[in-house]
Each structure stands twice: as C-alpha cells, then as structure tokens.
There are 2 protein chains.
Amino acid sequence: MTETPDPAQAAAPASPHAPAPPRPRRGRPPGFDRDEALTAATLLFWERGYEATSVTDLTTAMGIRPGSLYAAFGDKRALFEEVVRHYGSSPVGAFAGRALAEETSAHAAFARILREAAAIYPDPSHPAGCLVISAATNVTPQDAEVQARLRDERNRNVQVFEDRLRAAREDGELPPEADPKALAGYFATVIQGMSQQARDGATAADLARTAELALRAWP
Amino acid sequence: MTETPDPAQAAAPASPHAPAPPRPRRGRPPGFDRDEALTAATLLFWERGYEATSVTDLTTAMGIRPGSLYAAFGDKRALFEEVVRHYGSSPVGAFAGRALAEETSAHAAFARILREAAAIYPDPSHPAGCLVISAATNVTPQDAEVQARLRDERNRNVQVFEDRLRAAREDGELPPEADPKALAGYFATVIQGMSQQARDGATAADLARTAELALRAWP
DNA sequence: ATATTTCTTGAGCGATCGCTCAAAAATAAG
DNA sequence: CTTATTTTTGAGCGATCGCTCAAGAAATAT
C-alpha cells in the first residue's frame, strides 16, 4: 500500500463490472444480513399491511434493534418503499410482467397471468395474495401517500395491460371491435379479486377454476 | 294514571306491532340522534377501515364525546359490529341478496348483481367499494377477530351464490356439467375485484364494461 | 321543592405508536 | 498502542391509542 491514497482509485474494483469485492470496511461490521432483514420485513408487511405492522414487530422479526433499522433503512416508510421494490422484483411480484414479456400472443400472456396468479396467490410459502393489492387498504390520513403509492402502481399495471391489448388489436389478434381498455379493466378486476379470494382461504384449485372461467370472456 | 303500575303493561304499546310510541323516558334525553351517529361512523369505517379509524375520529364525526359513544355503543368493536349490521341492511349493502331474492332466473340475478355493483361501488354519495370487502384488510393480531368476522361474511356470501347456482342447475337453467362452486367463486372474485377497482378510481362506466365482460363466462 | 334517573362532559389513565440519541462495542488505519 | 469510523444497544421521548370515571346537567317522578 504505497500508492497515492486516491479514494476513487481505492474504491474502484480491478474489473469495472466485476461483482463488488468484499473489501473490508472501516468501522464495526453490520451484525445482520440486510437482504434477510428486508425479506423478513416484506413477509410482515405482506401479511398485515403497512400500518398494522409496528416497528416493534419489524425489529423483532428482523432480529435487530430500532437504531439499526433506522440506520439501515431510514424510517418505516422508506423501509416499506424498499419492501415494495423488493417484492416487485421478486418472482412472486413480477410474474405478470414476465408473462407479458415472454409470451408472443396476448391471449397466451393473459391466460398465463391468470393461471400463475391462481398458483402463486394461495401458495403457503408466503402470505396469501398480492402485497401491492392488499398492504395499504386501510390507512390513516397521515399515511395517505403510502396508499396512493400502491394505488398508482396498480393503475399503472392496468395501463400496461391496456397497451398490450391495444397492440394485439392492431396486430389483428383481437377483432377491431374489441375494447382494450375494458378488457384491461376486466382482467385487473379478476386478478385483484383473486388476491382477495386467496386471502380469504381460496385454494389453488379454486382459483384455477376461476381463471378458466375468466378466460371465457376473451373475444 | 290510576292503574296498577305494572311495568310490562306500561311498556306495552297499544297495538302489538305498532311503531314504538315516543313515551317519555326517565332521565336526561340523549343529545344526539343514534341513527345519524351510526351513519357517520359507517362512512368513516367504510372509507378508512376499522383500525385506521380512531375513536377520536369517530367522536368528532358523530358530534359526541367518548363517554357518550361508550354508553351508547359499548366499545369500538361493538360499534363496528353494529356498523356492519347497519351497512348490511342498507340498500348499498343488501343489493346482492335482493337481486337473488327478486330475480326468477339465476342468470338474471347474477347479471343484475354485477350491473348494480358497477353502479353502486363508485357512487360518489358514499365511500367507494364495499365495506365488508375492504374495511378490515389490514389489522393487528389483536383485532384478528374483526378481520375474521368480515372474512366469514364474505365466504358466507360465496356459499349463497353457490346454493343459488346449484339450484339453477337442478332446475335445468344451467347445464349438468356446469360447476356451481366454480361459478360462485368466479362471480365473488369479480365482485371483490370491482370493489377494489372502484376504490382505485374506476368509474361506473368502467365497471359496467367489466360486468358485461364478466357475464360472458356464463355457461 | 326534592329525589331519582339518564346522559354529557372533560380530564386523564396505562399502553403503544414511530422514532432518537448518547454510550458502548467492534472493526480498520495510523 | 491510539485514533477514527461504523454499528449496536437500550433507555426513553412526545404523541396518540382505546377507554374510564367522577362531576355536572337535564329530564321525570314524588
């Protein structure tokens, strides 16, 4: 270590895009795994929702004390924001986007979305339903922003549905008289209803039947 | 007032089933209208949900002090129970049962249910969506009973749907291969999704299109 | 008038909420 | 070693939670 102590150089890894090497940090090392803690927080928020999950609940589940939580994540709301992003990039939270990206026909995409929702929402390996749909339904006015955040995300997903269906009509997959906006709203309605049904105890078999019935509406 | 002071006789109205006469009560009369207060509480719980509505919110909206609320309704949970009953016997809360009772065919009943839900859920004269569906989604473990109460009511409604559809199959309105349980779950899913969509800003026209698409699944 | 009954009022209880912070602990750097 | 840096810890802050209760107010009964 006789080189100039240039901080930028010291921080740069040998290869520009190599995974960050475990270069030793200066102070006391963290006593918990950030990803594991984030997963624990996700499960709690997913199960109970934003306001019904207390910071005490979170610190207990994450195995840390309040100071560590606030140092690592900011505050409760910032933690929830990160949880939503974490959920949205997980397999469970991204199945719809993946189906839309991977299936060539719109019908195949929406059929896959409904069938995967039927399998995923009641999966006992995680809380039932969709976090984006159910985690901020009941909030006090002081947390209206959290509620609006998820509402906007839901409505953005409906718009993505509509865009895909409009493209399908232009491609001739759907007849000219098909209504992309109406179909998008319908499929969003079914998906959100399936999330609620899963939380009410509906099984994967129940929801699979619902998905097949819902697909009968396809033009 | 020279008759025997028989309490039973004194309490009995002249006609056995006449509306209770406004016989003067003993002490200080109530300073608020109980029905109006219950309606105010219903609107608050409907909009925000059970836990997100505080007793302070309630007393402010009802125009009373905590002591009056607890004397008149018991506690917050008992008030909510009464709100749920009040809601369930209101036109907005009872439209499904009314359609099932009044329509002769199952198809007419479910078509009417979906179309009325599309008109009622986004009606701006009251909070969007259905109170039973959305008022106890996010609760702490200490209020799990409230959540279970509404979940049971929702699942009871699905069972009523199934019973009606099974009768329709036995009557020949539905083909023998129709699945009453699957259809009941499907319609419940659509209705619960429509409630969520209404709370997310969907208009009556949006939901009407959703209802028509949903009815395409009818066997 | 006096007594009795019923309801309202406003202060405030113990518990929990989200959150903060000084002190201690654990590491690397000099 | 000492110093610097980062994280953990545990006590506890002010605010709000659901709820209670003694005192006062307003009616009827005697």
Side-chain angles (χ1 to χ4, degrees), chain A residues 1-7 10-11 21-34 36-37 41 44-45 48-81 83 138-143 145-146, chain B residues 1-3 5 7 10-11 21-34 36-37 41 44-45 48-81 83 138-143 145-146:
Chain A
M1 288 287 195
T2 57
E3 351 181 46
T4 55
D6 180 357
R23 195 170 50 84
R25 307 205 13 171
R26 261 302 289 268
R28 174 174 176 169
F32 66 99
D33 185 288
R34 201 176 186 281
E36 289 179 8
L44 261 186
F45 280 131
R48 299 183 191 170
Y50 178 70
E51 283 190 343
T53 304
S54 73
V55 172
T56 302
D57 294 334
L58 290 165
T59 55
T60 302
M62 299 161 91
I64 60 179
R65 254 50 55 193
S68 300
L69 188 152
Y70 283 85
F73 298 99
D75 60 5
K76 186 187 175 185
R77 192 173 300 195
L79 170 59
F80 184 73
E81 291 284 336
V83 158
N138 308 130
V139 298
T140 58
Q142 70 187 12
D143 286 323
E145 292 178 26
V146 175
Chain B
M1 288 291 197
T2 56
E3 351 182 48
R23 196 170 50 84
R25 307 199 19 163
R26 260 301 289 268
R28 173 174 177 170
F32 66 99
D33 185 288
R34 200 174 186 282
E36 288 179 9
L44 262 185
F45 279 131
R48 298 182 192 171
Y50 177 70
E51 282 189 344
T53 303
S54 72
V55 172
T56 301
D57 294 333
L58 290 166
T59 55
T60 300
M62 300 161 90
I64 60 180
R65 254 47 59 192
S68 299
L69 187 152
Y70 283 84
F73 298 100
D75 60 4
K76 186 187 176 184
R77 192 173 299 195
L79 170 59
F80 184 73
E81 291 283 337
V83 158
N138 308 129
V139 298
T140 57
Q142 69 186 13
D143 285 323
E145 291 178 26
V146 174

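In what follows, chains carry the letters A, B, and so on, assigned in the order in which the sequence lines appear, proteins first and then strands, with residues in each chain numbered from 1. These figures come from a predicted structure and were not determined experimentally.
A side-chain contact (heavy atoms from CB on, under 4.5 Å) with B:Met62 is found for one member of B:Leu44, B:Leu69, B:Asp33 and no other, namely B:Leu69.
Contact annotation for A:Thr53: backbone-only contact, meaning every heavy-atom pair under 4.0 Å involves sugar-phosphate atoms and none involves a base.
If you take CG of A:Asp75 and P of C:dT20, they are 8 Å apart, rounded to a whole angstrom. Here C:dG18 presents its C1' atom at 13 Å from CG of A:Leu79, a figure rounded to the nearest Å. The interatomic distance linking A:Arg48 (CZ) with C:dT16 (P) rounds to 14 Å, in whole Å. In this structure, the NZ atom of B:Lys76 is 12 Å from the C1' atom of D:dT16, given to the nearest Å. Rounded to a whole Å, the CG atom of B:Leu44 is 16 Å from the C1' atom of D:dG18. Between A:Tyr70 atom OH and C:dC17 atom P there is a gap of 11 Å when expressed in whole angstrom units. In this structure, B:Arg34 atom CZ and C:dT8 atom C1' are separated by 16 Å, rounded to whole Å. Rounded to an integer number of Å, the gap from B:Leu58 CG to D:dC17 C1' is 12 Å.
For the atom pair CZ of B:Arg48 and CG of A:Asp143, the computed distance is 12.0 Å after rounding to the nearest 0.5 Å. To the nearest 0.5 angstrom, A:Tyr50 atom OH is 8.5 Å from A:Leu79 atom CG. Rounding to the nearest 0.5 Å gives a distance of 10.5 Å between OH of A:Tyr70 and CD1 of A:Ile64.
Looking at which nucleotide of DNA chain C each of B:Gln142 and B:Ala72 is closest to, the 5′-most match is held by B:Ala72.
When all heavy atoms of A:Phe32 and A:Ala72 are compared, the pair lying nearest together is CZ-CB, 3.9 Å.
With no hydrogens or angles considered, a side-chain donor-acceptor pair links A:Asp57 and A:Ser54 at under 3.5 Å.
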Show the distances under 3.5 angstrom between N or O atoms of the protein and N or O atoms of nucleotides 6-9 of chain D.
from, atom 1, to, atom 2, distance (Å)
D:dT6, O2, A:Arg28, N, 3.0
D:dT7, O4', A:Arg28, O, 3.2
D:dT8, OP1, A:Gly31, N, 2.8
D:dT8, OP2, A:Ser68, OG, 3.0
D:dT8, O5', A:Ser68, OG, 3.4
D:dT8, O4', A:Arg28, NH1, 3.4
D:dT8, O4', A:Arg28, NH2, 3.4
D:dT9, OP2, A:Arg65, NE, 3.3
D:dT9, OP2, A:Arg65, NH2, 3.2

